[in-house]
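I have placed the structure first, in the form of structure tokens, so that the comments after it can refer back to it.
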Amino acid sequence: MSAQRPLQQLTKRATTSQCLHLPQKVHHKPRIWQPQKRQMATVVPPVTQNSAGSKGPTAMVFMNMGGPATTDEVGGFLSRLFADGDLIPLGALQGYLGPLISRRRTPKIKKQYASIGGGSPIRKWSEYQAAEMCKILDQTNPDTAPHKPYVAFRYANPLTEEMYNRLLEDGFGKGRGGRAVAFSQYPQYSCSTTGSSLNELWKWRQRLESPTRNPNLTANEAEGSILWSVIDRWPTHPGLVEAFVENITKVLETYPEDIRDKVVILYSAHSLPMSVVNRGDPYPAEVAATVWAVQQRLGRKNPYRLVWQSQVGPSAWLGAQTSDTVKNYVQQGQKDLVLVPIAFTSDHIETLFEIDQEVIHEANELGADGRVRRAESLNGSPTFINALANLAKTHLDAGEICSRQMGLRCPGCKNEKCLAQKQFFMNQGKQDTNAAMTL
């Protein structure tokens, strides 16, 4: 096969992104966040704000993929996305193929964003969700107040670098200490999503706050750097489940009562390359856990399937694909289908264009007659925002650094950056090359 043919295939299909905490009987204790002596040793006053609690203020950093807010930002967004080997592994040709694919896809993706209003709404929703959550935390957790909302996107503005510099400008770090929580907005952990965002966060922490990478730091600034903890996954949190159930129930109620329990629910999540899955990535299992929890809460009344969307390139990806599944069911005569974006916490190109304008449109062309519908995304759901606040409150109250799972590498992982990142976050925000990697 010529080199041209697979390259054409690789650039052919994709949307932009292709572009109960239960007690466990374990022998290992959870990693617990504790104030460190280095904070008390500095002569520089700690970060202070009006009405700050005894342990506040606290930066709450929402991490997500992001999306271009305008069509002019599409090129840069795709360039960063296809350059990330954690998300789209292209091997030794990443540096060559990534820019080539992003340039070729930019005109088409610009049209897609134009069709959904000229840009992604993910920044609007992320900033809203973070701000509303912090308002609740200021009431429930006065000791760690004020809680300041930040957003750090992996591929779009505000990028992680911008967010980190804002933290420093706002009085965190630089000898003043302060606590920050990296709150992944991917409910289910994947090395391609949460892992990539944490790698990027660790990179900028090293560049800006590590004396080994930033020789301009004074000893006092290095000693009083930001203390980080991580909310790295929450696939079966009761509030998340309830938020999904509310939206699914609303759309099911649009079907006649006599067929409502026969409507097939298709839970759609972003797919992964099989090379990532076979490496041992926990994402498929955690998405399935979310689906099972939601089905249980719904009373297991409806038949369902878990399907995967947004495949890009000719290599094998996790299936069955959402678009193929809908098409096949409609052709079989099963036209009453509800699509649920189960791994997304707000609308963006995968829901507003890929599902609404491609998958459902194709179903109607095949004769679905409007019977294929989508549950609303979580967006501004009060139930969802309260779930975020409950997750954060539990994390702050417990003083945890991260989940037990975060310290466990994928069995096939050979990414040294991932190893160093885990060592850093597992060691209470201090770099320690001797930190244990499993719990």
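A side-chain donor-acceptor contact under 3.5 Å links Gln295 to the backbone of Asn302. Between the side chain of Arg176 and the backbone N or O of Gly173 there is at least one donor-acceptor pair closer than 3.5 Å. Judged by distance alone, with hydrogens and angles left aside, the side-chain atoms of Gln94 form a donor-acceptor pair with the main-chain N or O of Leu90 at under 3.5 Å. Side-chain N or O atoms of Lys327 include none that pairs as donor or acceptor with a backbone N or O of Glu362 at under 3.5 Å. A donor-acceptor contact shorter than 3.5 Å links the side chain of Asp281 to the backbone of Cys191. Without hydrogens or angle criteria, Asn214 side chain to Ser210 main chain gives no donor-acceptor distance under 3.5 Å. Judged by distance alone, with hydrogens and angles left aside, the side-chain atoms of Asp143 form no donor-acceptor pair with the main-chain N or O of Lys55 at under 3.5 Å. A donor-acceptor contact shorter than 3.5 Å is absent between the side chain of Ser79 and the backbone of Gly75. Between the side chain of Gln357 and the backbone N or O of Ser115, at least one donor-acceptor pair lies under 3.5 Å. Using modelled atom types, no side-chain atom of Glu358 and backbone atom of Phe353 make a donor-acceptor pair closer than 3.5 Å.
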Given the rule in the salt bridge (charged side-chain N to carboxylate O under 4.0 Å, His left out) test, do Glu162 and Arg166 qualify, once you have shown the distances and angles that lead to the verdict?
CA-CA 6 Å; Glu162 178 185 340; Arg166 275 194 58 207; over 6 Å; no

Stepwise salt bridge (charged side-chain N to carboxylate O under 4.0 Å, His left out) check, Lys262 with Asp336:
CA-CA 8 Å; Lys262 299 176 183 177; Asp336 298 306; over 6 Å; no

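Distance check: Gln311 CD to Leu318 CG gives 9.5 Å after rounding to the nearest 0.5 Å. Distance check, rounded to the nearest 0.5 Å: CD1 of Ile342 to OH of Tyr304 gives 11.0 Å. The CZ atom of Arg409 lies 4.5 Å from the CG atom of Leu419; values are rounded to the nearest 0.5 Å. Once rounded to the nearest 0.5 Å, the distance linking CD of Glu132 with OG of Ser381 reads 12.0 Å.
Figure legend: Arg373 and Tyr255 shown as a cation-pi pair, the cationic atom lying under 6.0 angstrom from the six-membered ring centre and within 45 degrees of its axis. A cation-pi contact links Arg207 to Trp204, judged by a cut-off of 6.0 Å to the six-membered ring centre and 45° from its axis.
Counting heavy atoms from C-beta outward, Phe183 and His395 have side chains that stay 4.5 Å or more apart. Taking the side chain as every heavy atom from C-beta outward, Leu396 and Arg179 approach each other to under 4.5 Å. A heavy-atom distance below 4.5 Å is found between the side chains of Met426 and Cys402. Side-chain contact check for Tyr128 versus Ile385: some heavy-atom pair is nearer than 4.5 Å.
Judged purely by distance below 3.5 Å, without hydrogens or angles, the side chains of Asn141 and His147 never pair a donor atom with an acceptor atom. Side-chain contact, Thr290 with Gln188: a donor N or O sits under 3.5 Å from an acceptor N or O. Inspection of the Asp232 and Ser403 side chains reveals an N or O donor paired with an N or O acceptor under 3.5 Å. A donor atom on one side chain and an acceptor atom on the other are not found under 3.5 Å apart for Thr383 and Glu242.
Checked against Glu354 for a side-chain hydrogen bond (donor to acceptor under 3.5 Å, both in side chains), the options Gln112, His270, Gln309, His348 give a single hit: Gln309.
Within 6.0 Å of the NZ atom in Lys203, the count of heavy atoms belonging to other residues, nucleotides or ligands exceeds 12. Within a 6.0 Å sphere centred on CZ of Arg305, other residues, nucleotides and ligands contribute 12 heavy atoms or fewer.
Using a 4.0 Å cut-off between a side-chain N of Lys or Arg and a carboxylate O of Asp or Glu, Glu253 and Lys250 do not qualify as a salt bridge.
Using the six-membered ring where Trp is involved, Tyr164 and Trp228 have ring planes that are tilted, between 30° and 60° apart.
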